[in-house]
Amino acid sequence: MAVEIREVADGLWLWQREYPDWRPGVGWGPVVASTCVESAGEVVLVDPLAPDEADDALWTRLDGRPPTVVAILKPDHVRDVDLFVRRYGARAFGPFLFWRHDVPETDLEPIQPGSELPGGLLALYDGRGRNETPLWLPAQRTLVFADALTAPAGELIVWATPWHEERVLPALRALLELPFERVIVSHGEPVHDRTAFERALTLPPWEG
């Protein structure tokens, strides 16, 4: 699959491509999203999956405004952080812990809920206990998630955990205090509005 580039808002865009190691039965589709945001002079890539070297359009765009920061939101979203750090000399941020078979070579600066990243991006708490730190992009009024929410059939839905009612829903409802207008997720349809987020909190969670 060729990379698809999508404009989301001023200073905010994403690309989608197939995950190279995807296999049936993993609970999510083969196409994943990577996000790029410009804020306060920084160019931040969120959970980036690199395109093929032959994908001139995407590399030309990235080279034209080189990323200064790479943010990994979840331990199993390491993806291509090392490649982007080597290519652009970007600072890298991410979780404290990783899966032993997928540890980045790069020494990532730690993110935890409440951390403020370069560009004024704020790490949030999602209640799922998966070491995920969604990001609040204040300039674009956007929330970016790794796996807390997904949209396998196009409709936004919360990814299931054993403590969905007890911890996850209260944490996600607390995010409604932020004046966000849209939500970006990694799996399924990537861009959703605030109403879709509110509706997702009322739906049965996605079991995958």
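Any value given below was found using the heavy atoms of this structure, including those in side chains, with hydrogens, waters and symmetry copies removed. Positions are given from 1 along the sequence. This structure is a prediction, so every number in the text was calculated from the model and none was measured.
In this structure, E4 and R17 have side chains that are not in contact, with every pair of non-hydrogen atoms separated by 4.5 Å or more. Here the side chains of V3 and P51 are in contact, with some heavy-atom distance below 4.5 Å. A 4.5 Å side-chain heavy-atom check between W159 and R128 finds at least one atom pair inside the cut-off. Counting heavy atoms from C-beta on, the side chains of T150 and V185 never come closer than 4.5 Å. In this structure the side chain of E116 never reaches within 4.5 angstrom of the side chain of L121, judged on heavy atoms. In this structure the side chain of P152 reaches within 4.5 angstrom of the side chain of I157, judged on heavy atoms. Considering only heavy atoms from C-beta on, V183 stays 4.5 Å or farther from R194 through its side chain.
Linking ILVMFWY side-chain heavy atoms closer than 4.5 Å, directly or via other members, places V85 and L83 in a single hydrophobic cluster. With hydrophobic clusters built from ILVMFWY side chains whose heavy atoms lie under 4.5 angstrom apart, L169 shares a cluster with L156. Hydrophobic clustering (ILVMFWY, side-chain heavy atoms < 4.5 Å, transitive): L14 and F145 are in distinct clusters. Cluster membership for L178 and L122, using ILVMFWY side-chain heavy atoms within less than 4.5 angstrom, is shared.
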List the atom pairs, with distances to 0.1 Å, where a side-chain N or O of residues 135-144 and a protein N or O form a donor-acceptor pair under 3.5 Å, not counting sequence neighbours.
| residue | atom | partner | partner atom | Å |
| --- | --- | --- | --- | --- |
| Q140 | NE2 | D10 | O | 3.4 |
| Q140 | NE2 | E38 | O | 3.0 |
| R141 | NH1 | P179 | O | 3.1 |
| T142 | OG1 | Q140 | O | 2.8 |
| T142 | OG1 | R182 | NH1 | 3.0 |

Which atom pairs, one a donor and one an acceptor, fall under 3.5 Å between side chains of residues 87-96 and the rest of the protein, sequence neighbours left out?
| residue | atom | partner | partner atom | Å |
| --- | --- | --- | --- | --- |
| R87 | NE | D63 | OD1 | 3.4 |
| R87 | NH2 | D63 | OD1 | 3.3 |
| R87 | NH2 | D63 | OD2 | 3.0 |
| Y88 | OH | D63 | OD1 | 2.6 |
| R91 | NE | E109 | OE2 | 3.0 |
| R91 | NH2 | E109 | OE1 | 2.9 |
| R91 | NH2 | E109 | OE2 | 3.2 |

Name every donor-acceptor pair, under 3.5 Å, that has one atom in a side chain of residues 55-62 and the other anywhere in the protein, sequence neighbours excluded.
| residue | atom | partner | partner atom | Å |
| --- | --- | --- | --- | --- |
| D55 | OD1 | L58 | N | 3.3 |
| W59 | NE1 | D52 | O | 2.9 |
| T60 | OG1 | D56 | O | 2.7 |
| R61 | NH1 | E7 | OE2 | 2.5 |
| R61 | NH2 | E7 | OE1 | 3.1 |
| R61 | NH2 | E7 | OE2 | 3.3 |

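In this structure, the side chain to side chain donor-acceptor pair (under 3.5 Å) partners of T106, at least two apart in sequence or on a different chain, are D82. Every residue meeting the ring-ring contact (aromatic ring centres under 6.0 Å, His included) condition with F180, not counting sequence neighbours, appears here in chain and number order: F197. Residues that satisfy the salt bridge (Lys or Arg N to Asp or Glu O under 4.0 Å) test with R199, not counting sequence neighbours, are E155.
The minimum heavy-atom distance between E132 and P134, with the atom names listed, is O-CD, 3.6 Å.
Between the E42 side chain and the T68 main chain, no donor and acceptor come within less than 3.5 Å of each other. The backbone N or O of L49 lies less than 3.5 Å from a partner atom in the side chain of W15, making a donor-acceptor pair. Without hydrogens or angle criteria, N131 side chain to K74 main chain gives no donor-acceptor distance under 3.5 Å. Here the side chain of S115 pairs no donor or acceptor atom with the backbone of A123 at under 3.5 angstrom.
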